[in-house]
Amino acid sequence: MKTNRKTIKMPVRYLMNAVLVALLFVGLSFLTQNVLSTYQNKVLLTVGINIILAVSLNVATGYLGQLPLGHAGFMAVGAYTCALFTKYSNLPKGVAFVIGLVLAWIMAGLFGVLIGIPALRLTGDYLAILTLGFGEIIRITLNNIDDVLGFKLFYGAKGLKNIPKYSNYWNVFLCVVITCFLIHAMMKSRHGRAVLAIRDNEIAAESCGIQTTYYKVMAFAFSAAFAGLAGGLYACYLGVLDPSTFGFMKSIEILVMVVLGGMGSMLGSILSATVLTILPEATRSFESYRMVVYSLVLVLMMIFRPGGLLGSYDFSLSRIVEKAMNGELFRKHTEKEAADHE
C-alpha cells in the first residue's frame, strides 16, 4: 500500500527559486566586481543577451515544435525600436531605457503576430523558408527605408550610431530572470499545455477543441517579443547598429544554441548559450584555429549527444527536494542496479 507522498506547496516553491536566483546574483556580482576583467564582464553581458535569445527561440522550436529561421529579424525590430526611442527621447536615463525595452518587446511581438498568421499555416521546411524570407525582408528594409522615405532615421548600411549605452550587468541579469520566469509560467499554464499538445499531435489537439491557429500564433509572438527585448539590450550595450548584424547567420547561431542545449529544455538553452558565447572568446588566442575548435565541438556534440546537452530535461529545484523528502532521489538508480544483478 502506497503512503502519502510529501509535496512542497507552491508559495514555498517560488520562495526556493527566488533564493536560488538571489544566490546566483550575489555570486555573479562578486565575480564581476572582484575577479573578472572589463573584457570578461562584457563577454558575460553578451552571454545574458544570448540566453534571452536562445530561451525565446526555444518557445517556438522546442515547445511549439516549429522551425523558424528569422529570429534575428525580430531581434532587429526590438533593437532599432529601443535605440531610436532612447536616442531621441528627453526622458530621464532609467525611464527612457525601461520604456524603450517595453516598446521593443511590444513591437517585436506585433511583428511576430503579423508574420505568424500567414507563416504558421505552413510546417517543416516551408515554414523555415518563409520565416527566413521575412527575416531577410526586415534586414533589407532597414538598409533601404531611409532612401524610400527621403530622410535619415535608420541610416542604413552606415549604421545607427550614438545610441545611449544603458545596458549593464544588473539590468541584463534582471531581464534574463524575467524572461525565464514568464516563459516558465506560460508553459506551466493551460496555454502552455495547449502549445505542448499541438507539438505532440496537432490533429489530436484540434479534435479535442484546442484552437491550434490561435495558440501557434500566440507562442510565435511570445517568442518574437523576447527576441525584441534581447535586441533592445543589445542596442544599448553596443551603442551602434548595423542591419548586416541581423542576417541569416545570426538566426542560425541562435538556432544552434537551442539545438545544442536540447529542444524543449530551458536549462539546456541557458547552458548552450553560455558555452557557445564563451568558447569563441576563450579560443581567440589561437586565431587561425579557433573556429575549427568551435566547429569540432559542435560536430562531437551532434555525434555523441544528438538530443542536445540535456535533451528535453528541465531543472527543477523543488522537484529534487521533493524526491529527497520522499527518499526517491537515488531510487531509480538503485532499482536499475538491482535489475542488472538479477
Side-chain angles (χ1 to χ4, degrees), residues 21-56 71-72 75-76 78-80 82-83 86-87 93-94 97 100-101 104 159-180 226-227 229-247 249-254 256-258 260-261 267 269-298 301 309:
V21 171
L23 291 174
L24 181 62
F25 178 77
V26 171
L28 289 175
S29 298
F30 175 79
L31 289 176
T32 56
Q33 295 177 4
N34 301 288
V35 179
L36 302 180
S37 65
T38 302
Y39 167 71
Q40 290 169 332
N41 280 326
K42 289 183 177 180
V43 173
L44 186 62
L45 193 146
T46 308
V47 167
I49 294 173
N50 284 339
I51 286 174
I52 297 175
L53 288 169
V55 170
S56 63
H71 211 56
M75 181 185 178
Y80 275 88
C82 185
T86 53
K87 182 177 180 179
K93 173 183 173 180
F97 183 52
L101 290 179
L160 181 61
K161 301 175 182 178
N162 300 320
I163 303 168
K165 295 185 179 182
Y166 294 152
S167 294
N168 54 42
Y169 161 75
W170 318 105
N171 49 47
V172 169
F173 182 88
L174 180 61
C175 287
V176 169
V177 172
I178 291 173
T179 299
C180 293
F226 285 104
L229 175 65
L233 291 169
Y234 177 80
C236 291
Y237 155 65
L238 206 60
V240 60
L241 289 177
D242 180 2
S244 62
T245 307
F246 308 102
M249 290 310 299
K250 184 64 178 179
S251 295
I252 294 298
E253 179 185 332
I254 304 168
V256 168
M257 293 177 186
V258 177
L260 183 64
L267 180 61
S269 296
I270 293 172
L271 291 177
S272 62
T274 303
V275 170
L276 293 182
T277 305
I278 294 176
L279 184 62
E281 301 300 329
T283 57
R284 188 175 289 277
S285 57
F286 296 101
E287 193 62 36
S288 303
Y289 304 102
R290 69 188 187 97
M291 292 312 296
V292 176
V293 174
Y294 178 81
S295 304
L296 183 61
V297 169
L298 293 179
M301 276 299 305
L309 285 170

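Just so it is clear, the structure is predicted and the values come from calculations on it, not from any experiment. The first residue of the sequence shown is numbered 1, and numbering continues consecutively from there. Atom set for the values below is all heavy atoms of this structure, side chains included, hydrogens, waters and symmetry mates excluded.
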Asks: What's the shortest heavy-atom distance between Leu101 and Cys175, and which atoms?
Replies: CD1-SG, 4.1 Å

Asks: Residues in side-chain contact (heavy atoms from CB on, under 4.5 Å) with Val256, at least two apart?
Replies: Ile252, Leu276, Leu298

Asks: Do the side chain of Asn41 and the main chain of Leu44 share a donor and acceptor less than 3.5 angstrom apart?
Replies: no

Asks: Looking only at non-hydrogen atoms, find the nearest pair between Ala72 and Gly247 and report the distance.
Replies: CB-O, 3.7 Å

Asks: Say you draw a straight line from CG of Leu238 to OG of Ser167; how long is it, rounded to the nearest 0.5 Å?
Replies: 10.0 Å

Asks: Quick check for you: to the nearest 0.5 Å, what is the distance between Leu241 atom CG and Ile163 atom CD1?
Replies: 3.5 Å

Asks: Give me the atom names and distance for the closest heavy-atom approach of His71 to Ser251.
Replies: N-OG, 3.4 Å

Asks: Go through Ile270 and Cys180 one step at a time and tell me if the side-chain contact (heavy atoms from CB on, under 4.5 Å) criterion holds.
Replies: CA-CA 10 Å; Ile270 293 172; Cys180 293; 4.0 Å; yes

Asks: Verify, without hydrogens or angle tests, whether Thr86 (side chain) and Phe97 (backbone) share a donor-acceptor contact under 3.5 angstrom.
Replies: no

Asks: Which atoms form the tightest heavy-atom contact between Ala104 and Cys82, and what is the distance?
Replies: CB-CB, 4.1 Å

Asks: If you round to the nearest 0.5 Å, how far is CE of Met249 from CD1 of Ile254?
Replies: 11.5 Å

Asks: Tell me, which pairs form a side-chain hydrogen bond (donor to acceptor under 3.5 Å, both in side chains) where one or both residues lie in residues 231-243, sequence neighbours left out?
Replies: Asp242-Ser244

Asks: Would you please name every residue forming a side-chain contact (heavy atoms from CB on, under 4.5 Å) with Ala273, sequence neighbours left out?
Replies: Asn50, Ile51, Ala54, Met257

Asks: Kindly compute the distance separating CD1 (Ile178) from CZ (Phe226), expressed to the nearest 0.5 Å.
Replies: 8.5 Å

Asks: On a heavy-atom basis, which atom in Leu53 and which in Lys250 lie closest, and how many Å separate them?
Replies: CD1-CE, 4.4 Å

Asks: Return all side-chain donor-acceptor pairs below 3.5 angstrom for residues 21-37, not counting sequence neighbours, or 'none' if the list is empty.
Replies:
| unit_1 | atom_1 | unit_2 | atom_2 | d |
| --- | --- | --- | --- | --- |
| Ser29 | OG | Phe25 | O | 2.7 |
| Thr32 | OG1 | Leu28 | O | 3.2 |
| Thr32 | OG1 | Ser29 | O | 2.8 |
| Asn34 | ND2 | Phe30 | O | 3.1 |
| Ser37 | OG | Gln40 | N | 3.3 |
| Ser37 | OG | Gln40 | OE1 | 3.4 |

Asks: Please name all residues satisfying side-chain contact (heavy atoms from CB on, under 4.5 Å) with Lys93, sequence neighbours left out, ordered by chain then number.
Replies: Tyr166

Asks: Who passes side-chain contact (heavy atoms from CB on, under 4.5 Å) against Ala76, sequence neighbours left out?
Replies: Ile138, Leu142, Phe246

Asks: Could you walk me through whether Leu233 and Ile52 satisfy the side-chain contact (heavy atoms from CB on, under 4.5 Å) test, starting with their C-alpha distance in whole Å, then the side-chain angles of each, then the deciding distance to 0.1 Å, before giving a yes or no?
Replies: CA-CA 10 Å; Leu233 291 169; Ile52 297 175; 3.6 Å; yes

